[in-house]
Amino acid sequence: MTLKRNLMFVTLLVKMKLVRTMAFRFSFFAAFFADGTLFVVQLITFAVIYGQVDSIGDWGRGQMLIFIGTFSMLNGLNMVIYFFGLVSVPGKIREGALDLYITKPGNTLLRLTFEDVNLGSAPLLLLSGGIIAWGAAVEGVRLTLPLLLAYSGMVILMTLLYYDMEVIIRTIPFFVISATSIERLEGDLLMMNFKIPGVVYKGFFKILFYFALPYGVMATVPTQLLTNTLTAPGLAHALCIVAAFTVFALWFWRLGLKHYKSASS
């Protein structure tokens, strides 16, 4: 019953956001233009970086294209589903606006996550899919239905891991005065790991970006799965990382709520 109730709650939040979006259509097209421009800039950046080389580590150009498309897909899903809801959490904690969310019915984290979905970023998903298909053609990957379903499932899991990391980072302000520098570091680490495939990391950096801060897993593992280079230990590691960080993120969020100093206290 709890799952069904939460799904109904999320559906209602999304419907309310759609109604607001239709009332201000210019915002929708402005978001599409801004995200589309960012996509083109990222594509040019990657072309400059990888246009002069045929391989990065053990990966060929086709795998790098799939990696780039996967990064863009994860970023697009992030922007569409939960980014604009979560990004405001530190400000709400600092200003005491979180009081309104805690006192409302329903799960507080679900409300913050899905209250501000951004359909203006949805076209990025189609553009990302085009890059992935291009990379698969260059790599000579035969895109069968089972393979596409497996890849899509892994992308969903990595989107969840992406979400977990954002929740963890935005729970830290419950315990400190400001987490601006941490959020800035998060952005830098994301940009680095979505330009460099995780297969390049060795030693300390492998431990850092595959276990402690698993940004190196997010776009790398789906790419390995689609190109049939993902090993059984690699798959097991990815699944365990997603499960562990999801459990930790939810626990850390509940702990943060317990330490929240209400504006009325």
Side-chain angles (χ1 to χ4, degrees), residues 32-81 121-162 187-202 205-206 209-210 214-239 241-242:
F32 171 63
F33 175 77
D35 292 337
T37 302
L38 177 62
F39 178 87
V40 172
V41 170
Q42 289 175 336
L43 199 57
I44 293 173
T45 301
F46 281 120
V48 171
I49 294 174
Y50 297 110
Q52 306 303 316
V53 296
D54 293 323
S55 63
I56 299 291
D58 296 330
W59 280 15
R61 184 164 296 181
Q63 287 170 297
M64 285 308 307
L65 283 169
I66 296 172
F67 175 80
I68 293 166
T70 301
F71 152 63
S72 183
M73 180 70 73
L74 290 171
N75 186 54
L77 289 169
N78 167 50
M79 299 290 283
V80 169
I81 302 172
S121 298
L124 294 181
L125 304 180
L126 296 177
L127 297 173
S128 302
I131 294 179
I132 294 167
W134 178 22
V138 171
E139 188 65 18
V141 176
R142 184 167 173 267
L143 297 177
T144 62
L145 181 59
L147 181 59
L148 287 174
L149 290 176
Y151 172 79
S152 299
M154 185 57 69
V155 167
I156 291 172
L157 287 177
M158 293 302 108
T159 303
L160 176 58
L161 181 59
Y162 198 157
D188 293 339
L189 290 176
L190 276 169
M191 289 300 100
M192 182 178 75
N193 282 278
F194 283 146
K195 292 177 182 177
I196 303 173
V199 293
V200 173
Y201 294 129
K202 307 295 180 184
F205 290 102
K206 188 82 169 184
F209 294 124
Y210 266 62
Y215 296 113
V217 175
M218 295 178 185
T220 300
V221 172
T223 301
Q224 290 176 313
L225 190 152
L226 193 63
T227 57
N228 198 32
T229 58
L230 180 62
T231 63
L235 175 60
H237 170 261
L239 296 177
I241 284 292
V242 174

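Of all non-hydrogen atoms in Glu139 and Gln63, the two that sit nearest each other are OE1-N, 3.4 Å. Residues Ser128 and Gly69 share a closest heavy-atom pair of CB-O, 3.6 Å. Heavy-atom minimum distance, Ala238 versus Val221: CB-CG1, 3.9 Å. When every heavy atom of Pro197 is checked against every heavy atom of Met64, the shortest pair comes out as CG-SD, 3.9 Å.
For the atom pair CG of Asn75 and CG of Leu125, the computed distance is 10.0 Å after rounding to the nearest 0.5 Å. In this structure, CE in Met158 is found 8.0 Å from CE in Met218, a value given to the nearest 0.5 Å. In this structure, CG in Asn78 is found 8.5 Å from CD1 in Ile81, a value given to the nearest 0.5 Å. In this structure, the separation between CG on Leu148 and CD1 on Ile132 is 10.0 Å, given to the nearest 0.5 Å. One distance of note links OH of Tyr201 with OG1 of Thr220; it measures 8.0 Å at 0.5 Å rounding. Rounded to the nearest 0.5 angstrom, Tyr215 OH and Ile196 CD1 are separated by 15.0 Å.
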Hey, mind stepping through Leu189 and Phe209 against side-chain contact (heavy atoms from CB on, under 4.5 Å) and telling me if it holds? CA-CA 9 Å; Leu189 290 176; Phe209 294 124; 3.8 Å; yes
Walk me through whether His237 and Val217 qualify under side-chain contact (heavy atoms from CB on, under 4.5 Å). CA-CA 9 Å; His237 170 261; Val217 175; 3.9 Å; yes
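Ring planes of Phe194 and Phe71: tilted class, angle from 30 to 60°.
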When the side chains of residues 222-230 are checked against the rest of the protein, which donor-acceptor pairs come out under 3.5 Å, sequence neighbours left out?
residue: Thr223; atom: OG1; partner: Ala219; partner atom: O; Å: 2.8
residue: Thr227; atom: OG1; partner: Thr223; partner atom: O; Å: 2.8
residue: Thr227; atom: OG1; partner: Gln224; partner atom: O; Å: 3.4
residue: Thr227; atom: OG1; partner: Thr229; partner atom: OG1; Å: 3.2
residue: Thr229; atom: OG1; partner: Gln224; partner atom: O; Å: 3.4

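With sequence neighbours excluded, the residues satisfying side-chain contact (heavy atoms from CB on, under 4.5 Å) with Thr144 are Arg142, Pro146, Leu147. Partners of Tyr151 by side-chain hydrogen bond (donor to acceptor under 3.5 Å, both in side chains), not counting sequence neighbours, listed by chain and number: Thr70. Scored by the side-chain contact (heavy atoms from CB on, under 4.5 Å) test, Leu157 finds Met154, Leu239, Val242 as partners (sequence neighbours excluded).
Every pair tested for side chain to side chain donor-acceptor pair (under 3.5 Å) that includes a residue from residues 152-161 fails, sequence neighbours excluded, so the list is empty.
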